[in-house]
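Take this structure first; my questions come after.
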Number of protein chains: 2
Amino acid sequence: MRVLVVEDERRMAAALQRGLQAEGFAVDLAHDGEEGLHAARQGDYDVVVLDIMLPRLSGYNVCKQLRAEENWVPILMLSAKDGEYDMADGLDLGADDYLTKPFSYVVLVARLRALLRRDAGRRPAVLMAGDLTLDPARRKVERDGRSVELTPREFALLEYLMRRRDEVVSKSEILEHVWDTFDTDPNVVEVYVGYLRRKIDAPFGRNALQTVRGAGYRLAGDGG
Amino acid sequence: MRVLVVEDERRMAAALQRGLQAEGFAVDLAHDGEEGLHAARQGDYDVVVLDIMLPRLSGYNVCKQLRAEENWVPILMLSAKDGEYDMADGLDLGADDYLTKPFSYVVLVARLRALLRRDAGRRPAVLMAGDLTLDPARRKVERDGRSVELTPREFALLEYLMRRRDEVVSKSEILEHVWDTFDTDPNVVEVYVGYLRRKIDAPFGRNALQTVRGAGYRLAGDGG
DNA sequence: CAGTCTTCTCAGCGTCGTCTCAGCGTCTTC
DNA sequence: GAAGACGCTGAGACGACGCTGAGAAGACTG
C-alpha cells in the first residue's frame, strides 16, 4: 500500500513516515502544496494524507484540483484547527475523511485502513449519466456544463434515479425512497418527473428520463 | 434516501430525525438494538446510523450480526466515548464510518453523503437463451444486440418462460404465475404468445417460443 | 404581512395495453 | 374421412396509465 503524506512540518512528516512504515505502508513525502499536487498526479498512490495548512498551495486547493481532474484517489485531510466547518468544507471538496490534530496513530491507521477497504478509491463523488452530473455533497446538478437549479424534492428524485441509473424504478419504490411513504397517490411522482424533464431534458433536447409504461421510470446512463 | 437511526436517547433520536429530514432524508427510528437489527433486516435502507450504547443489544453486536448475515448496508457508528479503541473496534466490525459525540449536523450529514456516494453495486443476473437476453432490473430485452420493446404483460410472460427455459410450461401454470389467476380463459395466453413471437422470433427468422400441443409452451434454451 | 417558492391534489385528456370474441386452420381420434 | 379438440390471429371495445395545467395549502423570506 503506497501512501503519500503532504505535510510541511518536518518533524511531523518524519514521524508520520516512520509510524506508517512501521505499519507496513510505503510512504512518500511532499513538503508543500504544489509538490504534493504534482506527486499525487504522478504516482498512483492508494491513499493520500493531506495537511490543510501548507505553503504555496493549501490542502483545500490540492484536493479541489485533484477532484476537478477526475482524480479519485482517497484523501484523508489533516487540520490543526478544530472547527467543524473545516471538516465540512474538506469533505465537500471531495476529501474522503478528516482528522483534527492532535490525533493518535491508532486512529490514523484505522481510518487509513477503512479508506483503503472501501474499494480502493476511485468512486467518483459525483453521479454521472452522459453529460448530466449530480454532486450529492454540493447539491449541484449540471448538464452540458450549464448549472441546473432544482428544488429539494426534485433533487432527491433525480439523485435516487441516478444512483440506480439504467434500472427501471417503479413508482412505489420511488415513493418509498424519496417520499418515505407507500400509500400516497403515485401521481405525485408523475408530476415531479414532469418537472424534472422540463429542467434537465427539454431545454437540452434530450430524453434521459424515460417512461417505461406499466413499470416505472429509467434514467438512461448515456444521458438519453 | 432512507436512513435508519438507531438511538435510545429519545431527545437525541428526535433531534436527529428532525435534522436529517430537513436535509431531505427519509428517517425511521429504532430505540434499542434488537429493534434496530430487526428494522435493518426488513426495510431496505440506504444507510444506517447506529449508536453503540444501546439497551438489549449493543451497536457493536447489531453491526456484527448484520455483517454476518451478508447485509452490507452502509453503517455510520456513533459513540459517546471518545476512546480511540472504540473507533478501531467499530471499523473492524464492519462499520463504514465512525463519529464521536458530540458532533455537529454539518459533519454528520457530510459523512452520510460521503457514505452514500459509494456505489450500492447490485446487479441481478440477466437471463439468456441463445442470442436472446432479458435483464429484469433494466427491463430490457435484446436479440442479436438489437433492443426489443415489450409491454408489461409481454415482458412478464417472457421473463417467466426464460426462467424456466427448456421446460414445457402449461397454460394454467402461466396463468397462475403471470396473470395471477387460474380461472381465466387460456386463450389470453395464446394471444400473448402470438404477440411475443411477432416481436422476438418473426423479425429474426427464429423459433424460440415453441408450442407443445396439448401440454403448453417451451422456450428453447438455444434461442430456437 | 405580503410575496415567493415549493409541494401536492385534482380533473381532463389522449394514448397505449389488455382482453374478449369469432373465424379459421391444423392436428388427433375414431 | 368426418368430427371435434386445439391453437392462432385480426378486429375492436374498454379501461388503465401517464401527462399536464390550474390552483390550493403551507413554508420560507424579507
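Below, chains carry the letters A, B, ... as their sequence lines are ordered, and counting in each starts from 1.
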Problem - Salt-bridge criterion met for B/R56 and B/E34 (N-O under 4.0 Å) - result: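 Yes, B/R56 and B/E34 are salt-bridged.
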Practice task
Using a heavy-atom cut-off of under 4.0 Å over every strand shown, decide if A/V193 touches base, sugar-phosphate, or nothing.
Solution key: nothing
Handout entry: Ionic contact status for B/R163 with B/E159, cut-off 4.0 Å
Key =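 Yes.
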Exercise for the section: Please report, rounded to the nearest Å, how far the P atom of D/dC8 is from the CG atom of B/L196. Expected result: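 Atom-to-atom, B/L196 to D/dC8, this comes out as 12 Å.
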Problem - Distance in angstrom units between A/D185 CG and D/dA16 C1', rounded - result: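 Going from A/D185 (CG) to D/dA16 (C1'), I get 14 Å.
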Handout entry: Geometric class of the A/Y160/A/H177 ring pair [parallel <30°, tilted 30-60°, perpendicular >60°]
Key =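 Correct class here is parallel.
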Problem - Residue met sooner reading DNA chain D from 5', once A/Y195 and A/E190 are mapped to nucleotides - result: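 Upstream on the strand: A/E190.
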Exercise for the section: Could you tell me whether B/R2 and B/D28 make a salt bridge, using a distance below 4.0 angstrom between a side-chain N and a carboxylate O? Expected result: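 Yes.
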Fill in the blank from the handout: Between A/Y192 and the options A/W179, A/F155, A/Y217, the ring-ring contact (aromatic ring centres under 6.0 Å, His included) test singles out A/W179
Practice task
Name the first nucleotide and the last nucleotide along DNA chain C (5' to 3') that come under 4.0 Å of a heavy atom in chain B.
Solution key: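 Listed 5' to 3', the contact boundaries are C/dG17 to C/dC27.
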Exercise for the section: Ignoring backbone atoms, establish whether B/R198 has a side-chain N or O less than 4.0 Å from OP1 or OP2 of D/dG10. Expected result: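 True: B/R198 side-chain N/O within range (under 4.0 Å) of D/dG10 OP1/OP2.
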Exercise for the section: Take B/R41 and B/Q65 through the test side-chain contact (heavy atoms from CB on, under 4.5 Å) and record every step on the way to the result. Expected result: CA-CA 10 Å; B/R41 278 174 176 153; B/Q65 186 65 33; 3.8 Å; yes
Problem - Sidechain N-carboxylate O distance under 4.0 Å for B/E190, B/K171 - result: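 Yes, charged N to carboxylate O under 4.0 Å.
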Handout entry: Nearest-0.5 Å distance that lies between atom CG in A/D201 and atom CD in A/Q210
Key =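 The distance works out to 8.5 Å.
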Completion exercise
Within residues 202-222 of chain B, those residues having any heavy atom closer than 4.0 Å to DNA chain C are B/R213
Exercise for the section: May I ask you to verify if any side-chain N or O of B/K171 is less than 4.0 angstrom from the OP1 or OP2 atom of D/dG7? Expected result: yes
Practice task
Check whether any side-chain N or O of B/R197 sits under 4.0 Å from OP1 or OP2 of D/dC8, and answer yes or no.
Solution key: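 Checking B/R197 against D/dC8: at least one side-chain N or O falls below 4.0 Å of OP1 or OP2.
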Exercise for the section: For B/P152, report the nucleic acid contact type (base, sugar-phosphate, nothing); a contact means any heavy atom under 4.0 Å. Expected result: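 Sugar-phosphate: the residue B/P152, judged by heavy atoms under 4.0 Å, touches backbone atoms but no base.
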Exercise for the section: State plainly whether the residues B/K140 and A/D166 are in salt-bridge range, i.e. N to O under 4.0 Å. Expected result: no
Practice task
Please work out if B/N187 contacts a base, only the sugar-phosphate, or nothing of the nucleic acid, heavy-atom cut-off 4.0 Å.
Solution key: base
Handout entry: Whole angstrom value for the distance that separates P of D/dT9 from CG of B/D201
Key =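 Checked: the CG to P distance equals 11 Å.
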